[in-house]
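We name chains A, B, ... by the order of the sequence lines, and we start the count at 1 in each one.
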2 protein chains.
Amino acid sequence: MENRIFVGIIEDQLLFREGMKAILSTWPEFELVFECADGYSAIDKLNKCAITPDVMLVDLSLPPQGQKEFSGLHVTLALSEAYPDMKILILSVHEDENFITQLINHGAHGYLVKDVDPGEVQEAIISVHKKGAYINERTLRALQHNTGKKVRTVKLLTQITRREEEILQLICRQYTAEEIAEKLFISVKTVNGHRTNLLQKTGSRNVTGLVLYALKNNIVDLV
Amino acid sequence: MENRIFVGIIEDQLLFREGMKAILSTWPEFELVFECADGYSAIDKLNKCAITPDVMLVDLSLPPQGQKEFSGLHVTLALSEAYPDMKILILSVHEDENFITQLINHGAHGYLVKDVDPGEVQEAIISVHKKGAYINERTLRALQHNTGKKVRTVKLLTQITRREEEILQLICRQYTAEEIAEKLFISVKTVNGHRTNLLQKTGSRNVTGLVLYALKNNIVDLV
DNA sequence: CGGCGTATAGGTATAAATACCTGTTTTGAA
DNA sequence: TTCAAAACAGGTATTTATACCTATACGCCG
């Protein structure tokens, strides 16, 4: 029976990486077998690596590579596809619940905020390795709050204007065009114009499509 | 510093309850301070109880009380509202991912399938008490698959008929009343009748409200 | 400067949804 | 079997939404 756990780190900040290595060396069961500063080369290097890590610590905010962004999210996607047995533990400075949910949904097995103490890191690594998951209360809460939410599509931000988004939100609150016009001190015709544009831009047949679009893109919340 | 963890059990099967008590007595840090065979009386009894349990083990499949169903889900809802600090650990024979997600979304802090070994029970109790969560790989997988879904409201189950639900689903797919009528081989008048009932039952002003309701209650998925 | 997109407003139509009604048939549970 | 709810169908009317036009004012950018 092998007691050691092979650990890898993908982290761009050298200082933090060194700190993490120091923490890992405290416990004999951990063996660091892989480290990398960016997501792009990680997959390449892993193929050439003699030992595949059991647990990979991945920094969420990796630097962009040239034009393309390649964050911890992308790494998680790539790793969980290439190495289904590898357990992925996200390290992040963000406590944003959307981030947490997103990562978990894309294959991460655990999420740690970077201010955790070493003991929790140890616990988390062991937990993902043995149980396949490490979720603490904070993370659980994020998952609870975010079920039903998805992150807004990138293209959306440029497609839909501020005013259109405003009107879309009011539509989703079950206001009629007339009521929206009153609220915004504009003509009903204008509101209808915006709605027509929204239908066209979102490719919807009717308000139903607009509501679905708004929810998918997190323009409104499903409270 | 108090090391003991006060534990409660809500479980209708006497044999299983006794078995669990035996398991708990194995470890000195656990102290059983509450037990109950059904969900209805649990809240009542808890109010009269001198010690509020830190962790409550709740059987998912509690027997119905008279006409009304009152499962572990209802207990979870009630407990997490009445005792926000209490950690709820679900015991279930079901591995159904919808069940798991449902419970977690309604306030449960952990989910255990009943065939687990005593060691995992101990680990789970300690974990929910200290970390506020116990999620193993099985449960995590359920959450991953089911994020984006929410569980239908309890009242909904009796309120909305099958046919109405069917029509609501088609409405959410952007079909008009006429198209729905064609699809279901019924009259447009009938479709409108159903929709009128839906509007009334859900308290909506228009289709927008219907769509929101359908999404909230997982009648349709936000794919 | 000129072009582009946004926000604004209007007209004219039709399609669809919604509000009230009244019924009959089917189905499921007591 | 009996009864209530659900599913079905229809009428009439009004309100909203949607489609397809045009057109002006404003700001931004090359």
Side-chain angles (χ1 to χ4, degrees), chain A residues 154-215 217 219-220, chain B residues 63-70 152-215 217 219-220:
Chain A
V154 179
K155 60 175 182 179
L156 158 82
L157 295 166
T158 54
Q159 274 187 342
I160 298 207
T161 67
R162 266 156 276 142
R163 197 54 157 178
E164 284 166 355
E165 181 171 328
E166 198 177 355
I167 282 163
L168 180 51
Q169 284 169 343
L170 292 172
I171 287 174
C172 290
R173 288 186 207 156
Q174 304 190 51
Y175 291 119
T176 68
E178 197 175 355
E179 290 166 341
I180 295 172
E182 281 172 21
K183 271 185 185 293
L184 300 181
F185 304 106
I186 57 178
S187 159
V188 182
K189 292 292 180 180
T190 307
V191 176
N192 277 326
H194 286 309
R195 197 185 36 206
T196 300
N197 290 334
L198 282 167
L199 287 172
Q200 193 264 313
K201 286 184 181 180
T202 62
S204 304
R205 299 183 65 190
N206 48 42
V207 270
T208 298
L210 291 182
V211 175
L212 293 172
Y213 183 86
L215 284 163
N217 294 288
I219 290 174
V220 293
Chain B
Q65 307 280 314
Q67 295 300 335
K68 297 178 187 174
E69 50 175 343
F70 203 82
R152 68 186 51 189
T153 317
V154 178
K155 59 176 181 180
L156 159 81
L157 293 166
T158 53
Q159 272 188 342
I160 296 205
T161 66
R162 267 156 275 142
R163 196 58 156 177
E164 283 166 356
E165 180 173 327
E166 200 177 353
I167 282 163
L168 181 50
Q169 284 170 341
L170 293 171
I171 288 174
C172 290
R173 288 185 205 158
Q174 305 190 49
Y175 291 119
T176 67
E178 198 174 354
E179 289 166 341
I180 295 172
E182 280 171 21
K183 269 184 187 293
L184 301 181
F185 304 107
I186 55 177
S187 159
V188 181
K189 294 293 181 181
T190 307
V191 175
N192 277 326
H194 287 309
R195 197 186 37 212
T196 300
N197 290 334
L198 281 167
L199 287 170
Q200 193 265 313
K201 286 183 180 181
T202 63
S204 304
R205 299 183 64 190
N206 47 41
V207 270
T208 298
L210 290 183
V211 176
L212 293 172
Y213 182 86
L215 284 163
N217 294 289
I219 290 174
V220 292

Enquirer: Nearest of D:dA19, C:dA7, D:dC8 to any side-chain atom of A:Arg162?
Expert: C:dA7
Enquirer: May I ask you to say what A:Asn206 touches in the nucleic acid, namely base, sugar-phosphate or nothing, with a heavy-atom cut-off under 4.0 Å?
Expert: sugar-phosphate
Enquirer: Scan B:Val207 against the nucleic acid and name what it touches under 4.0 Å (heavy atoms): base, sugar-phosphate only, or nothing.
Expert: sugar-phosphate
Enquirer: D:dT15 C1' sits how many Å from A:Tyr175 OH, rounded?
Expert: 19 Å
Enquirer: Rounded to whole Å, how long is the line connecting atom CD of B:Glu165 with atom C1' of D:dA6?
Expert: 15 Å
Enquirer: Give a yes/no answer on whether the side chain of B:Thr176 brings an N or O atom under 4.0 Å of OP1 or OP2 in C:dA15.
Expert: no
Enquirer: Quick one: does B:Ile167's side chain get under 4.5 Å of B:Leu184's, heavy atoms only?
Expert: yes
Enquirer: Only one of B:Lys201, B:Gln169, B:His194 clears side-chain hydrogen bond (donor to acceptor under 3.5 Å, both in side chains) with B:Glu164; which?
Expert: B:Lys201
Enquirer: With heavy-atom distances below 4.5 Å as the criterion, would you say the side chains of A:Leu210 and A:Arg195 are in contact?
Expert: yes
Enquirer: Which nucleotide, C:dG10, C:dA17, D:dA19, lies nearest any side-chain atom of A:Ser187?
Expert: C:dG10
Enquirer: Is any side-chain heavy atom of A:Glu179 closer than 4.5 Å to one of A:Leu170?
Expert: no
Enquirer: Any N or O donor-acceptor pair linking the side chain of A:Lys189 to the base of C:dT12 at under 3.5 Å?
Expert: yes
Enquirer: Expressed in angstrom and rounded to an integer, what is the separation of B:Arg205 atom CZ from D:dT14 atom P?
Expert: 20 Å
Enquirer: Nearest whole angstrom, please: distance from the P of D:dT12 to the CG of B:Asn192.
Expert: 15 Å
Enquirer: For C:dA7, does either OP1 or OP2 sit under 4.0 Å from a side-chain N or O belonging to A:Thr190?
Expert: no
Enquirer: Could you check if a side-chain atom of A:Asn197 sits within less than 4.5 angstrom of a side-chain atom of A:Arg163, using non-hydrogen atoms only?
Expert: no
Enquirer: Does C:dT18 have OP1 or OP2 sitting under 4.0 Å from an N or O in the side chain of B:Arg195?
Expert: yes
Enquirer: Taking the axis from the first five pairs and the axis from the last five, what angle separates them in the helix from C:dC1-D:dG30 to C:dA30-D:dT1, rounded to 10 degrees?
Expert: 60°
Enquirer: Looking for any heavy atom pair under 4.0 Å, which part of the strands does B:His194 touch: base, sugar-phosphate only, or nothing?
Expert: sugar-phosphate
Enquirer: Kindly give the heavy-atom pair with the smallest separation between A:Val188 and A:Ala177, and that separation in Å.
Expert: CG1-CB, 4.2 Å
Enquirer: For residues B:Leu215 and A:Leu212, determine if any side-chain heavy atom of one lies less than 4.5 Å from a side-chain heavy atom of the other.
Expert: yes
Enquirer: Give the minimum heavy-atom separation between B:Val220 and B:Cys172, together with the two atoms involved.
Expert: CG1-CB, 3.8 Å
Enquirer: Send over the distance from A:Arg163 CZ to D:dG27 C1', rounded to a whole Å.
Expert: 16 Å
Enquirer: Please find the pair of heavy atoms, one from B:Leu199 and one from B:Val207, that lie closest to each other, and give the distance.
Expert: CD2-N, 4.4 Å
Enquirer: Without decimals, in angstroms, what is the distance between A:Asn197 CG and C:dA9 P?
Expert: 14 Å
Enquirer: Whole Å only: how far is the CD atom of A:Gln200 from the P atom of D:dA19?
Expert: 10 Å
Enquirer: Of the nucleotides C:dA9, D:dT16, D:dT18, which one has an atom closest to the side chain of A:Ile186?
Expert: C:dA9
Enquirer: Atom pairs under 3.5 Å, N or O on each side, protein against nucleotides 20-24 of chain C: can you list them with distances?
Expert:
none

Enquirer: Given atom CD1 of B:Ile171 and atom C1' of D:dA17, what is their separation to the nearest angstrom?
Expert: 15 Å
Enquirer: Once rounded to the nearest 0.5 Å, what's the spacing between atom CD1 of A:Ile219 and atom CG of A:Leu198?
Expert: 8.0 Å
